[in-house]
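The structure displayed is predicted, hence computed values, not measured ones. Below, all heavy atoms of this structure are taken into account, side chains as well, without hydrogens, waters or symmetry copies. Letters A, B, ... are given to chains in the order of the sequence lines, protein chains preceding strands, and every chain is numbered from 1.
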Amino acid sequence: MAMELFNTLGSRVEPLSASENNTLRMYCCGPTVYDYGHIGNFRTFLHMDVLRRTARLKGFGLKHVMNITDVDDKIIRNATAANLPIGEYTAKYERAFFEDMDALRVERPEVIARATETIAEMVALIERLASEDIAYKAEDGSWYFRIARFPDYGKLSGKDLEGIEDGARVDVDEYEKDAARDFALWKAVKPGEHAWETPLGTGRPGWHIECSAMAMKHLGPSFDLHGGGEDLAFPHHENEIAQSECASHQPFARHWFHVRFLLVEGKKMSKSEGNFYTLRDLLLKGYRASAIRFLLVSVPYRHQMNFTFEGLTESANAIERLRTFARRIEAAGSNTALPEALNADLDALVNEKLTAYGAALDNDLNTAEARAAVFDVVRAANIALDNSSFGRGNIAPVQGVLQAFDAVFDVLTDRDADVSKAAVAWAKAEGRADIAPELLVAQSISDAEIEALIAERTDARKLRNFARGDAIRNELAEKGVLIEDGKAGVTWKRR
RNA sequence: GCACCGGUGGCGAAGUGGCUAACGCGCUGGUCUGCAAAACCAGUAUUCGCCGGUUCAAUCCCGGCCCGGUGCUCCA
């Protein structure tokens, strides 16, 4: 079955296809690097990651371009306030952005494009539009796009230009444009602003032209998929289409992918509501990166999701169950008592669920249904292991399901402690005081110290000195370390 | 105001014109254990926002209403 995805352009689910060598050429609007990323940003990037990982699982090659918007009004404003050159200002947040992406296990796109490194291409694009009088220069030196020249305007967002008459909302006279809806391609320099000297005049690019130029530079005038947050559909993506198609006379992106916004504790996330969280805020509260990833990815991208702290805890518990299961299957390999005979019923179920897993992802990236199939396998295999009907031949197929799961979800390997540690180091360097005490306590004990205490406890228990053993167990529990007395020995993990 | 999307158990959240309405967490019970914890198993919505309609049959289709969200205004 082919991978199907909702296409905003046309508003229906369509097969996803690559027009060149089975390599999916996709462009995704990346961050504007003026501050630390918040969880809403990361929901979008996480679902882009699900898309690319799923595409690869289905056999596509990938050429994924993501831009960094490193010049815009907010950047100029903040850099000026901080008395820094914009490049220096944005470098800090770009670095932070990629640290966060790494923490969340979001894969790097094949190409990272920066607006400030693509100015020449933007200028050339505007000049091409100007040569057909689609772009025009206003009196203040800014360049605008003449929307009247693109009859298809509105085809992505379903806007009807008839209903947005010139001057209906905006006093045209305030602008030096020919029509109120015309948007800026190039903004003339204002006093004190960072600007580029170009044949168009001295100034800086408009936001929309940046993405058109970067996408076409790396993917050509026509490519497979373009994505971003739902708010970008209009006007940003609509404007990209208008500029690009007027310049190239070819369809721009064939498939448009938009990720819906999330709510936080049932409300729109906003600073004024007090429910605005960056990834770093959550890490410092003691939540794990893997739990954040799993939660954000578990609700399909086209659904509004409600992000809650309770949900984060649940997500961490669910991951714990999966990791425990993965270890149990791994251990089964060296269990000599394991029956040789294949449990055919279990095997049939595992195969059925693997198919269901793939089908769920094919069906517009239904991550909720996909993970359900994996939990079905976990339960069935645990039952078989409990009643000794799990055969050696069942190991590989079950591991195959876990691999397929992790190829997209990527939460089975525990890297959380390192991520939290880095977040705490950053917070201390920044002088932040809002670090969860239990996080600091947990990081105050090393793995070696834990191992030593556990060894001491094991010795005490052998001598049936349970009082001492329990005291050590309690001491470790206070530092967030859980001890498990299994048949094969003692194991531990950080909570 | 106009346009679009959604409202499913304690919570998160799939899904379908008729088969027991997934899955996860939580909770309750059990297995295991020196005791625990952890782990594992089992049970846990006669019901899918409200009111009408279509249909032999609707949570799923249609209409209205209420509520939440998004866009229309360079927020992912």
Side-chain angles (χ1 to χ4, degrees), chain A residues 8 11 28-32 37-48 69 72-74 154 157-160 163-164 168-170 181 183-184 187 206-208 210 227-236 238-239 258-263 266-271 276 294-295 298-308 310-322 324-325 327-328 356 360 363 366-376 378-379 381-383 385-387 461 464-467 469-470 473-474 476-477 482-487 490-493 495:
Chain A
T8 310
S11 294
C28 297
C29 289
T32 300
H38 62 253
I39 52 177
N41 297 120
F42 290 115
R43 163 141 141 117
T44 297
F45 297 122
L46 246 0
H47 278 285
M48 296 292 186
T69 298
D72 88 324
D73 292 340
K74 284 189 290 279
S157 54
K159 301 268 177 248
D160 183 0
I164 319 174
R169 292 182 49 93
V170 192
R181 302 298 304 185
F183 55 88
K187 299 183 176 187
W207 177 37
H208 314 301
E210 294 179 5
E230 66 169 318
D231 59 314
L232 299 182
F234 187 91
H236 183 53
E238 199 73 71
N239 292 351
H258 290 106
V259 179
R260 285 205 77 178
F261 274 17
L262 49 71
L263 302 181
K267 287 181 181 166
K268 182 182 177 178
M269 179 170 70
S270 73
K271 285 177 178 162
F276 183 95
F294 198 47
L295 178 61
S298 288
V299 177
Y301 77 97
R302 227 148 47 84
H303 292 240
Q304 188 169 66
M305 84 160 291
N306 186 15
F307 183 95
T308 65
E310 201 186 335
L312 274 180
T313 304
E314 290 170 9
S315 184
N317 291 342
I319 290 172
E320 215 38 67
R321 182 169 180 210
L322 292 169
T324 301
F325 176 73
R327 283 195 297 270
R328 190 178 190 191
N363 180 19
N366 191 333
T367 47
E369 217 170 63
R371 55 168 264 183
V374 174
F375 279 104
D376 287 337
V378 171
R379 191 181 335 100
N382 270 325
I383 291 171
L385 282 159
D386 282 353
N387 68 23
R461 292 175 74 227
R464 303 196 66 79
N465 182 355
F466 294 120
D470 290 353
R473 185 168 67 195
N474 291 337
L476 286 171
L482 291 179
I483 290 185
E484 295 165 23
D485 296 327
K487 279 184 186 132
V490 182
T491 58
W492 62 273
K493 65 188 175 196
R495 189 157 24 91

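Using a 4.0 Å heavy-atom cutoff across all strands shown, K74(A) reaches sugar-phosphate atoms only and no base atom. Looking at heavy-atom distances under 4.0 Å, L232(A) makes contact with sugar-phosphate atoms alone, never a base. Nucleic acid contact class of H208(A) (heavy atoms, under 4.0 Å, all strands): none. Counting non-hydrogen atoms under 4.0 angstrom, N366(A) reaches the backbone sugars and phosphates but no base. Nucleic acid contact for L385(A): none, since no nucleic acid atom lies under 4.0 Å from a heavy atom of the residue. The residue F261(A) sits close to a base: some heavy atom pair falls under 4.0 Å. Heavy atoms of G40(A) sit under 4.0 angstrom from at least one base atom. If you check every strand for non-hydrogen atoms under 4.0 Å, P300(A) touches sugar and phosphate atoms only.
Between F294(A) and the choices L46(A), L322(A), L312(A), the side chain to side chain contact (heavy atoms under 4.5 Å, CB included) rule is met once, by L322(A).
Side-chain atoms of E484(A) never come within 3.5 Å of backbone atoms of T491(A) as a donor-acceptor pair (strictly under, hydrogens ignored). Side-chain atoms of E238(A) come within 3.5 Å of backbone atoms of S157(A) as a donor-acceptor pair (strictly under, hydrogens ignored). Side chain of N366(A) to backbone of E369(A): a donor-acceptor contact under 3.5 angstrom is found.
Atom CG of D231(A) and atom P of C5(B) are 18 Å apart (whole Å). As a whole-Å value, the separation of N387(A) CG from A42(B) C1' is 14 Å. Atom NE2 of H47(A) is separated from atom P of A76(B) by 17 Å (rounded to the nearest Å). Rounded to whole Å, the distance from CZ on F234(A) to P on C5(B) is 18 Å. Computed from coordinates, the R43(A) CZ to A76(B) P distance equals 15 Å when rounded to whole Å. Rounded to a whole Å, the NZ atom of K268(A) is 8 Å from the C1' atom of U70(B). At whole-Å resolution of the value, CD1 in I383(A) and C1' in U31(B) are 13 Å apart. We find that CZ of R379(A) is positioned 11 Å from P of A22(B), with the value rounded to whole Å.
Distances were taken from every side-chain heavy atom of N41(A) (C-beta onward) to each of A76(B), A14(B), G69(B); the shortest belongs to A76(B). Listed nucleotides: A76(B), G24(B), A22(B). Nearest to the side chain of H38(A): A76(B). The D376(A) side chain lies nearest to C23(B) when the options are C23(B), G24(B), A76(B). Distances were taken from every side-chain heavy atom of V299(A) (C-beta onward) to each of C35(B), A76(B), A14(B); the shortest belongs to A14(B). For R371(A), the side-chain atoms get nearest to G24(B) when compared with the rest of G26(B), A38(B), G24(B). Counting only heavy atoms from C-beta on, A372(A) has its side chain closest to C23(B) among A38(B), C35(B), C23(B). Among U70(B), C23(B), C35(B), the nucleotide with an atom closest to any side-chain atom of D470(A) is C35(B). Closest approach to the R321(A) side chain among G24(B), U73(B), U70(B) is made by G24(B) (side chain taken as heavy atoms from C-beta onward). With distances taken from any side-chain atom of Q304(A) to the nucleotides C41(B), A76(B), G68(B), the minimum falls on G68(B).
Contact annotation: N306(A) side-chain N/O to A13(B) OP1/OP2 distance is not under 4.0 Å. Distances shown here put every side-chain N or O of N382(A) at or beyond 4.0 Å from the OP1 or OP2 atom of A39(B). Using a 4.0 Å cut-off, no side-chain N or O of R461(A) falls inside it from OP1 or OP2 of C35(B). The side chain of R464(A) places no N or O atom within less than 4.0 Å of a non-bridging phosphate oxygen (OP1 or OP2) of C35(B). For the OP1/OP2 pair of A76(B) and a distance below 4.0 Å, the side-chain nitrogens and oxygens of H258(A) include no atom meeting the criterion.
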- prompt: Between Q304(A) and L262(A), does a side chain to side chain contact (heavy atoms under 4.5 Å, CB included) hold up when you go through it step by step?
  reply: CA-CA 5 Å; Q304(A) 188 169 66; L262(A) 49 71; over 6 Å; no

field: Worked verdict on L295(A) versus M305(A) for side chain to side chain contact (heavy atoms under 4.5 Å, CB included)
entry: CA-CA 9 Å; L295(A) 178 61; M305(A) 84 160 291; 4.0 Å; yes

query: After noting the C-alpha distance and the side-chain angles of V299(A) and R43(A), does the key distance pass the side chain to side chain contact (heavy atoms under 4.5 Å, CB included) rule?
result: CA-CA 10 Å; V299(A) 177; R43(A) 163 141 141 117; 4.2 Å; yes

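Nucleotides G49(B) and G30(B), compared at atom C1', are 38 Å apart to the nearest Å. Comparing A13(B) with C48(B), their C1' atoms sit 13 Å apart, to the nearest whole Å. Here the separation of G10(B) from C5(B), taken at their C1' atoms, is 27 Å to the nearest Å. When the P atom is compared between C60(B) and U55(B), the two are found 16 Å apart, to the nearest whole Å. Across G15(B) and A45(B), the matching C1' atoms stand 14 Å from one another, rounded to whole Å. Taking atom C1' on both U31(B) and U47(B), the two are 32 Å apart, rounded to the nearest angstrom. With C1' as the reference atom, U20(B) and G43(B) are 14 Å apart, rounded to whole Å. The gap from the P atom of U8(B) to that of A14(B) amounts to 10 Å, rounded to the nearest Å.
Pairing each heavy atom of F261(A) with each of E230(A), the nearest pair is N-OE2, 2.8 Å. The two residues G469(A) and R461(A) come nearest to each other via the heavy atoms CA-CG, 4.5 Å. Closest approach of M48(A) to G228(A), counting heavy atoms only: CE-N, 3.2 Å.
Both thresholds, 5.5 Å between centres and 30° between ring planes, are not jointly met by F45(A) relative to the base of A76(B), so the two rings are not stacked.
Nearest-nucleotide assignment on RNA chain B puts the 5′-proximal partner with L295(A), out of I483(A) and L295(A). Residue order along RNA chain B, read from the 5' end via each residue's closest nucleotide, puts T308(A) first among T308(A) and V378(A).
In terms of polar N and O atoms assigned as donor or acceptor, the side chain of R260(A) never comes within less than 3.5 Å of the base of C4(B) in a complementary pairing. A donor-acceptor contact under 3.5 Å is formed by the side chain of D485(A) with the base of A36(B).
Note: H236(A) and W207(A) have parallel aromatic rings, judged against thresholds of 30 and 60 degrees for the angle between ring planes.
Listed by first residue number, the stems of RNA chain B with at least three Watson-Crick or G-U pairs below 3.5 Å are B:1-7 with B:66-72, B:10-12 with B:23-25, B:26-31 with B:39-44, B:49-53 with B:61-65.
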